[in-house]
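Worksheet: the structure to be examined is printed underneath.
Below, chain A is the first sequence line, B the second, and so on; all start at residue 1. Every value quoted in this text rests on a predicted model; they were computed, and no experiment measured them.
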Amino acid sequence: MHRWSQLFIPTLREAPADAEVASHKFLVRAGYIRQLAAGIYSYLFLGQRSFNKITAIVRREMDKIGQEFYLPALHPRELWETSGRWSVMGDNLFRLKDRKGAELCLAMTHEENMTEIARKELRSYKQLPQIWYQIQSKFRDEPRPKSGLLRVRQFMMKDSYSFDIDAAGLDVSYQKHRDAYRRIFDRCGLKYLIIEAHSGAMGGSQSEEFMVYTPAGEDQVVSCGNCKYSANLDKATSKLDAVQDLPPEGDGTPLEVHTPGQKTIEDVARYLGVSPKNKIKTLAMMIDTQDGKTGKSKSRAVVVLIRGDHQLNEAKLSTAIAGKETRPMQEEEIRQLFQSPAGFLGPLGITWAKDLKSEGPILLVDKALEGRTNLIAGANKEDYHVKNITPEKDFQPTAYADLRAIASGEPCPNCGSSLRMDTAVEIGHIFKLGYKYSESMGARVLDKNGKEVTPIMGSYGIGIERILTAAIEQSNDENGFWLPAEIAPFEIIVTPTNVGDTKLKTTAEDVAARLESEGYEVLLDDRDERPGVKFKDADLVGIPFRINIGKKVTDGTVEVVQRSTRQSQDVSIAAVTEYFQQIMDTAR
RNA sequence: CGGGGCGUAGCGCAGCCUGGUAGCGCACCUGCCUUGGGCGCAGGGGGUCGUAGGUUCGAAUCCUAUCGCCCCGACCA
């Protein structure tokens with residue numbers, strides 16, 4: 001029997017001043033967690049109980065489709081060099097040295113570790129498919145930990161990896177995960193949606209994210225109210241209305257115009273009396289890369305053209321250039337490439353790389369500019385712009401790509417209805433990795449014909465803390481929060497209003513004991529506190545049901561209060577267990 | 001990393017500008033009282049004022065450096 005008076009549940013009347021989001025405030029106030037350092041938390045009794053229940057659900061569902069491993073958190077540098085991620089991951093990877101000076105890191109995911117096992121052990125197509133998973137701590141040296149458990153440097157992740165002989169097999173493994181994830185999040189009582197996702201820096205093709213709407217989130221989700229279209233902002237597209245091109249001026253060849261002091265798109269458009277839609281916005285970026293052997297850093301220019309009224313989405317840019325990171329060009333670099341100060345940049349007069357593999361500066365052009373004519377851009381000359389610019393005629397792009405960020409209200413790409421944008425938090429991600437790791441790390445199996453083939457992989461993650469955090473964000477009020485019974489630290493709290501009253505005390509003991517013997521997780525608040533204190537605490541700590549043991553025991557009844565609705569129901573003491581047997585089914 | 005803010009008792013804060021015995025509320029301990037929404041009365045314990053250096057007869061307060069934490073922008077479960 002769990003008795004509050006014997007337990008460590010340090011509830012707080014006030015939240016720490018630095019807690020911003022609801023889940024952070026309540027996790028601290030309810031005594032679930034305490035902070036150790038930025039983005040590093042200790043999970044106390046209630047928090048750990050809740051996490052245990054979440055991981056139990058995850059494990060139960062994952063065991064239906066895969067096999068659980070336990071892998072090291074500490075990895076040698078060499079392992080991460082086989083995939084190239086030792087350098088790619090930059091400062092996000094925690095690095096350390098052992099006493100001999102050998103370099104190690106704290107794993108942020110386990111693709112390398114799992115693929116290494118596959119490489120060494122898998123020999124034949126007969127051993128495929130395989131789905132291997134694990135639930136354990138990941139470490140990421142986040143540039144900015146924030147929002148309590150939402151973005152931290154050490155966190156629990158369920159990650160799994162599938163190995164298949166071919167794409168059709170991967171489809172099956174992917175679908176198995178999709179189904180398992182739906183069962184997991186359903187059982188955790190979350191309202192979520194599945195959206196098309198940006199595949200990220202890790203490469204891969206199909207990718208979906210499981211998202212929970214909350215203002216505390218960090219992702220922008222685009223969705224259509226009419227059809228089922230929904231996507232991460234980093235992936236979302238829209239059906240744009242056609243734009244009227246300008247008529248050519250003069251002989252239709254590029255024509256310089258004097259635009260003194262007109263630097264921004266709006267300035268120039270107003271000055272020339274045209275819409276920003278007929279302008280080209282020129283963004284100058286740089287890719288910095290480090291040579292793995294010499295350690296020398298090299299930079300390469302990437303110039304992006306988008307429609308004057310559009311915004312660049314950097315994740316899309318990153319996808320277009322194979323996951324590389326970019327930074328804005330510095331004034332000096334701009335002058336060097338364009339021979340012009342910023343504010344008057346354009347694509348003319350520069351020899352652009354023929355394709356991404358060729359030498360030279362890269363010119364990426366947003367698809368919204370494909371087929372347009374007579375546009376206006378900077379002249380690469382202070383105080384001048386150029387009219388009559390037509391892509392492919394007047395300059396040769398390195399490539400076209402979808403680069404722009406869509407805005408809310410634009411037409412849905414499927415049905416044309418207005419798109420909306422909401423903030424959300426990502427709780428799970430599934431995606432088809434493809435051959436990235438199996439290829440680079442040299443995993444090979446023999447197929448039916450005795451021919452060597454590379455297995456195709458999938459990678460799938462769930463953030464354990466984020467399940468709890470999202471659940472709290474979804475269900476809280478000014479007094480605290482409530483969790484679904486499936487993931488709450490306890491299902492029922494029994495609250496005798498006065499433990500000085502022997503009758504109340506023994507009734508509470510009796511009710512709690514009977515519920516517990518029926519398999520319910522019960523917390524008995526046997527503290528010698530005033531009822532108000534106990535009610536406030538009960539409301540705070542996330543337990544979905546409370547049983548008040550008060551004056552009504554003389555009539556043989558107690559009150560059952562549902563935290564979420566605050567509705568209370570008198571139930572006869574003798575029938576309490578039966579009552580819960582009925583309502584728990586619906587609550588679960 | 002760029003920008004902003006904060007470090008004083010477990011939590012929330014005042015004191016700093018204008019240097020002179022470190023304070024308030026909550027929490028905690030003891031006693032009494034009270035018992036359906038953080039009750040009341042009385043007494044009590046607890047603080048290297050983030051750290052280091054400097055100025056000064058004297059520093060929480062002024063100066064310098066440094067560390068930590070939070071928030072806003074680029075990354076992800």
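Whole-Å rounding puts the Arg85(A) CZ to C76(B) P distance at 11 Å. Note: CD1 (Ile427(A)) to P (C76(B)) measures 19 Å, nearest angstrom. Taking atom CG on Asn498(A) and atom P on C33(B), their separation rounds to 14 Å, with Å as the unit.
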**Request:** Go through the steps to decide whether Phe481(A) and Tyr32(A) satisfy the test ring pair (Phe, Tyr, Trp, His ring centres under 6.0 Å), and finish with yes or no.
**Result:** CA-CA 12 Å; Phe481(A) 61 97; Tyr32(A) 276 51; 5.4 Å; yes

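No contact: Thr469(A) has no heavy atom under 4.0 Å from any strand. At a threshold of 4.0 angstrom between heavy atoms, the contacts of Val425(A) with the nucleic acid are absent. Among the protein residues, Pro16(A) comes within range of the sugar-phosphate backbone only, with heavy atoms under 4.0 Å from sugar or phosphate atoms but none that close to a base. Here Asp219(A) lies in heavy-atom contact (under 4.0 Å) with a base. Within 4.0 Å of Gly428(A), counting heavy atoms only, lie sugar-phosphate atoms of the nucleic acid but no base atom.
A heavy atom lying under 4.0 Å from RNA chain B marks the following residues of residues 36-62 of chain A, by number: Ala37(A), Ala38(A).
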**Request:** Summarise how protein sits on nucleotides 36-52 of chain B as a single string, 5' to 3': B when a protein heavy atom is under 4.0 Å from the base, S for sugar-phosphate-only contact, - for no contact.
**Result:** BBBB-------------

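Relative to the six-membered ring of Trp482(A), Arg566(A) misses at least one condition, a distance below 6.0 Å or an angle of at most 45° to the axis.
In this model, the phosphate group of G68(B) is not approached by any side-chain N or O of Gln35(A) to a distance below 4.0 Å at OP1 or OP2.
In this structure, the ring of Tyr133(A) has its center no less than 6.0 angstrom from the ring center of Tyr161(A).
Contacts of Arg530(A) classified as salt bridge (Lys or Arg N to Asp or Glu O under 4.0 Å), with partners at least two apart in sequence or in another chain: none.
In summary, Asp159(A) and Lys138(A) engage in a salt bridge, as defined by a charged side-chain N under 4.0 Å from a carboxylate O.
Here the separation of U8(B) from C1(B), taken at their C1' atoms, is 31 Å to the nearest Å.
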